[in-house]
There are 2 protein chains.
Amino acid sequence: MSGKTTIYDIAKALNITAATVSRALNDNPKISQSTRKLVLETANKMNYKQNKLALALRSGKSNNVGVIVPRINTNFFASVIRGIEEGLHPEGYQVIICQTHEDEDREVENVNTLLNAQVDGIFMSISNLPKENNHYIERVIQKNIPLIFFDRKKEMKNVSSVTIDDYLASYQTTQHLIEQGCEKIAYFSGDRSLEIYEDRYRGYEQALLDNNIPINEDYIISIKSNVVEGRDAVEKLLTLENPPNAIFSTSDFAALGAIQKLKERGIKIPEDFCVFGFGNEPFTKFMELSISTIDQSPLEMGKMAAQVFLDKINNKKSESKVVLLPKLLIRQSSTRIIT
Amino acid sequence: MSGKTTIYDIAKALNITAATVSRALNDNPKISQSTRKLVLETANKMNYKQNKLALALRSGKSNNVGVIVPRINTNFFASVIRGIEEGLHPEGYQVIICQTHEDEDREVENVNTLLNAQVDGIFMSISNLPKENNHYIERVIQKNIPLIFFDRKKEMKNVSSVTIDDYLASYQTTQHLIEQGCEKIAYFSGDRSLEIYEDRYRGYEQALLDNNIPINEDYIISIKSNVVEGRDAVEKLLTLENPPNAIFSTSDFAALGAIQKLKERGIKIPEDFCVFGFGNEPFTKFMELSISTIDQSPLEMGKMAAQVFLDKINNKKSESKVVLLPKLLIRQSSTRIIT
DNA sequence: ATACAAAATGTAATCGATAACACTAAATAG
DNA sequence: CTATTTAGTGTTATCGATTACATTTTGTAT
């Protein structure tokens, strides 16, 4: 009795067949009330639990979905996953999580693993820039398994996506900084071969152009999302002949690093210098000098992604491109003028 | 051609049987080099991927493990999960994540779901205090599925656990605060019906006793882990006739709330008041006034839990109780004396 | 009581991979 | 040149649940 009761065990106990047991358990109309009741009672007594694997093999649906993210221990990704989980759990789906650690090979491997596991759908925030090598993504599409990109998407046919309007977020932020009296705005960019970072850059650029501010290439620095890179970037900026008086960082962590370094140099924020982050990491709110940032509504993003998946599964829509509105959180680090 | 190649398809293509194909793919010795090569080539050409579900059904091993946590979007749990994932991925396991939202029913439900899904092991940080109702846990043990508690454990036979030495962490912290000249130490406690919170309380208590400081019941406040509760608790403490001059909070978030409120009241930290948190949330380090806290090594905890699971699976050990050492991170919020 | 419809149950195939056992063919021993 | 080993394949049952189809039982009408 290692605790594995199957419908055959129940059938044997009641001297009927497994088919009847199955029908009873599934509320099949072709069954008498008496046997149904008997089966249900016995199943309960024998502590029967349906083997989802057997079901999955037969039905071709595993009731699992996969989520592929660069890493899970950042607020953003953890929250999106939570959103997906909350959206899908009521429908009986379990979430399988894979991390790529920003590694391209790992991403390919993860996709394959999930396909082997027969997941019913894949949610993914891409880590790399699958140059021409979309092979592994094509395979998902071919197998007709719903694929939903979130945040870091890639424009493709037959693939859904849920993102925020990164262009708008960036445009509005830049506009805000200009309104605060900053015209020399440095920009910390992520890898622009990823669509979101390209969109953000375009927003920044356009806002400057619309305000007749020329683009200064010296102000544009490519960084990775961490504190140290923010510090280093500021150091570089301050050595310029004509240093900036604001930073729009596409990473909250880099924004934090920038603030640290600026303070060390005795530069006053926001009086002398404004800083704006991106992502609404929890710490941005907690700081003594709270950091202005952009909220990407990760929880809603996850829930929306779940909904897109369900719509596809239920044949309501074949493909959706959902774009959420960014929320500018204007806090102390960029507030000179109180309106 | 929806992209589902099975070994039968390969067999048919080569005019051999599925058994032979299976043997070829599994490097079975009873096969000729020529057919093996042929099969491998054909499998590759037909883009064959093994169906893990079929394998799982037959072998009884799903190669999935389940993780049950209160929530995933906090640094601690996200990091533990990351650790588990990193420890298990090389062995071919996938991680399925479930959240309880601190709800007892949800916890029971999650365990059942994971059992149905035939997971090979369950990692869990318990949300509730299964009074006498250990039924759902017993079932896991009966089915002989490795169960590993982490952090929030419950002492049980046949169940492994990975925790830090909460008693020691608490004792050392209290001792540290006393050494900093604080003898009136308030204590923010979690729910003491959970073992970890009881252990932490005992450490606090013992350290005071060992220093001949009487316990002041007014200083002991039960809180939930968030900023607001920390603020409220401080307010209460400051109305006391004899208010404390230090707080040891078992939650970083509450510690942050406390610091905010103390500053608003013009109380200087650490000169007039020391604060110590618990958990090493990222923000504690980033604050202008960095917050002293205790690191629980969540990544290592996860990796260790993974190892404990593997040891059990491989019959190396039947049950392990691993206790990691806490790391006191003494930062500005509790540093009066610089040694 | 007979015929026939309706209800309830049984039989067997299926999902995909594996493995114990059976079998064929070639290889070696005598 | 026959006997026996052995390398290589084939046959078939299995994991657990579901379901189309077949069969039995029950109920109803005449």
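Since we're looking at a predicted model, the values are computed, not measured. Order of the sequence lines fixes the chain letters, A, B, ..., with proteins taken first and strands second; residue numbering starts at 1 for each chain.
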- Query: Once each nucleotide of nucleotides 15-21 of chain D is scored for protein heavy atoms under 4.0 Å, what B/S/- sequence comes out, 5' to 3'?
  - Reply: BBBBBB-
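- Screening residues 33-69 of chain A for ring-ring contact (aromatic ring centres under 6.0 Å, His included) gives no qualifying pairs among residues at least two apart or on separate chains.
- Not counting sequence neighbours, A:Arg139 has no partner by the salt bridge (Lys or Arg N to Asp or Glu O under 4.0 Å) test.
- Counting only residues at least two apart or on different chains, the salt bridge (charged side-chain N to carboxylate O under 4.0 Å, His left out) pairs with a member in residues 108-123 of chain B are B:Lys61-B:Asp120.
- By the salt bridge (Lys or Arg N to Asp or Glu O under 4.0 Å) test, A:Asp103 is found to be paired with no residue, residues two or more places apart in sequence or in another chain being considered.
- Contacts of A:Lys321 classified as salt bridge (Lys or Arg N to Asp or Glu O under 4.0 Å), with partners at least two apart in sequence or in another chain: A:Glu155, A:Glu319.
- In this structure, B:Phe150 has no ring-ring contact (aromatic ring centres under 6.0 Å, His included) partners at least two apart in sequence or on a different chain.
- For the 3.5 Å distance criterion, the side chains of B:Thr163 and B:Ser161 fail to qualify, holding no donor opposite an acceptor.
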Side-chain donor-acceptor pairs of residues 17-24 of chain B under 3.5 Å, sequence neighbours excluded:
residue	atom	partner	partner atom	Å
B:Thr17	OG1	B:Thr20	OG1	3.2
B:Ser22	OG	B:Asn26	ND2	3.4

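- The CG atom of B:Leu14 sits 10 Å away from the P atom of D:dG10 (whole-angstrom rounding).
- Taking B:Glu300 as the reference, B:Ser297 meet the side chain to side chain contact (heavy atoms under 4.5 Å, CB included) condition, with sequence neighbours excluded.
- Of all nucleotides in DNA chain C having an atom under 4.0 Å from a heavy atom of chain A, the first and last in 5' to 3' order are C:dA8 to C:dG16.
- Among pairs with a residue in residues 73-125 of chain A, those fulfilling ring-ring contact (aromatic ring centres under 6.0 Å, His included) read A:Tyr93-A:Phe309, A:Phe123-A:Phe309, at least two apart in sequence or across chains.
- One end of the helix from C:dA1-D:dT30 to C:dG30-D:dC1 points its axis 60° away from the other end's axis, with each axis taken from 5 pairs and the angle rounded to 10°.
- In this structure, B:Thr17 reaches the bases: a heavy-atom distance under 4.0 Å links it to at least one base atom across the strands shown.
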